[in-house]
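Proteins come first, then strands; the chains are lettered A, B, ... in the order of their sequence lines, and each starts at number 1. Because the structure is predicted, anything quoted here is derived from the model rather than measured.
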2 protein chains.
Amino acid sequence: MSTHAIHSDALAQKLADSGLRNTPQREVVYDALLTKRNHPTADEVFARVKTQLPGISLATVYNCLETLVQCNLVRAVNFERAPTRYCPNLHPHAHFHDETTGTTHDIELPENLLAKIKAILPPGYNANAIEITFRGKMPDSR
Amino acid sequence: MSTHAIHSDALAQKLADSGLRNTPQREVVYDALLTKRNHPTADEVFARVKTQLPGISLATVYNCLETLVQCNLVRAVNFERAPTRYCPNLHPHAHFHDETTGTTHDIELPENLLAKIKAILPPGYNANAIEITFRGKMPDSR
DNA sequence: GACGAAATTGGAATAATTCTAAAGAAGGCT
DNA sequence: AGCCTTCTTTAGAATTATTCCAATTTCGTC
C-alpha cells in the first residue's frame, strides 16, 4: 500500500463527512502536504503535484487547499502578508518564522498553556481559533 | 495645545532617534492612528488624513505607516490575508478579530503569560516578536 | 447509459502593496 | 544667504497572490 493510499481513506472519510467528493486532485494535493511538511505555499504545492498530475491547474490547487482547510485536515498559516502556507499538523501548535531562512516551523503548544491563553479573553468573548506566531532567529540559521 | 501637537514631540523624538525627519505627513498619519484607535487599514488612514492634508498621496500614507512601524511607534496587524491594519498600542497585547463585524480589538496580555509563551520555544530559538490572534464572536456583535 | 450536481480548468479580473522616476523640501556648511 | 546633498513625497505603473468566471469534464445515481 502506498503512502498515497494510506492517507486517501482518511481524506475520503473527511470529505464525505462534509458532503464532498474525493478526487485525484484532492488526493495528490493532500499527499503533497503530508509527504513534505515544510509549510509550502500554493505555488510550491502546485509544483509538487504537477509531477504526479501534469494537467492540474493552479486554480484547482487553490480550490483543493481551501477544501482541505474547510474539512479541518489542513491549517492555513499566514505571516505578515507573505503568501499563505499550508500545514497538515492538526495538533495545537504555534509557528516560528525564521527571519534568516524564511522557513516556518511548528512549535508544540501544551494544552494547559493554550487554556491559560484563552483565559485572558474578557467574559463573553468566544474564540474558535487562535494563532500564535513567533518571528526571530533559530539556532542553525547562518 | 492641540492633540496633534501633544503627540508630535514624541514622534519627532522617535524619528530623530532613527535619523529620520519629521514631516507634516508623518504627523497627520500618526495623529490619525492615535485619535481613533480602531485598527484602520492604510485606505482608512488615507481617508482620514486627506481632510487635514488634502494633497497627500496613498503611497505616502503607506510610506509613513511603514516608517512609524520601523520607529516602534505603531504595530502592523495582519489577519488572514486581509489588508494590514495599524495599531498604536505599544503595550504587549493580543488581538481579537470579531467574525461578525470584522472589527479588531486589543486584548491585554499579562507579562508573566507572555514569558510562559516564550518559554515553549526550544533552546536556541530567539524570538523578537510574537503575534497572538483570536478569531471568534464577541458579546455585543449581533 | 442519461441526468444533474460537483469539480476542474485556463484565463481574465481583483486588490493590496510596492516600485520608479521625478519633483519638492530641509538641514548643514561655507 | 546660497548651494549641496540627502530625505521625502508624489502619481502612476507594476507586481503578485488570490479569486472569479464561464465552459468543460467528471462522477454518482437513477
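- Within the 4.5 Å cutoff, side-chain heavy atoms of L20(A) are placed close to those of C71(A).
- Per the geometry, OH belonging to Y62(A) stands 18 Å off P belonging to dT14(C), to the nearest Å.
- Look at CG on L15(A): it is 15 Å from C1' on dT26(D), rounded to the nearest Å.
- For the residue pair T60(B) and N63(B), no side-chain donor N or O sits within less than 3.5 Å of a side-chain acceptor on the partner.
- With sequence neighbours left out, R85(B) forms a salt bridge (charged side-chain N to carboxylate O under 4.0 Å, His left out) with E44(B).
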Can you give one letter per nucleotide of nucleotides 7-14 of chain D, 5' to 3': B if a protein heavy atom sits under 4.0 Å from the base, S if only from the sugar-phosphate, - if neither?
BSSBB---

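- The separation between E66(A) atom CD and dT8(C) atom C1' is 16 Å, rounded to whole Å.
- Rounding to whole angstrom units, CG of residue N78(B) and P of dT18(D) are separated by 13 Å.
- Qualifying salt bridge (charged side-chain N to carboxylate O under 4.0 Å, His left out) partners for E131(A), counting only residues two or more places apart in sequence or in other chains: none.
- What separates CZ of F46(A) from P of dT8(C) is a distance of 14 Å, to the nearest Å.
- Residues satisfying the salt bridge (charged side-chain N to carboxylate O under 4.0 Å, His left out) criterion with R135(A), sequence neighbours excluded, are E80(A), E99(A).
- A donor-acceptor contact closer than 3.5 angstrom links the side chains of H95(A) and H93(A).
- A heavy atom closer than 4.0 Å to some atom of DNA chain D occurs in R81(B), these being the qualifying members of residues 79-90 of chain B.
- Within the structure, salt bridge (charged side-chain N to carboxylate O under 4.0 Å, His left out) pairs that include any residue of residues 105-121 of chain A do not occur (at least two apart or interchain).
- Here the CZ atom belonging to R75(A) is positioned 11.0 Å from the CG atom belonging to N72(A), to the nearest 0.5 angstrom.
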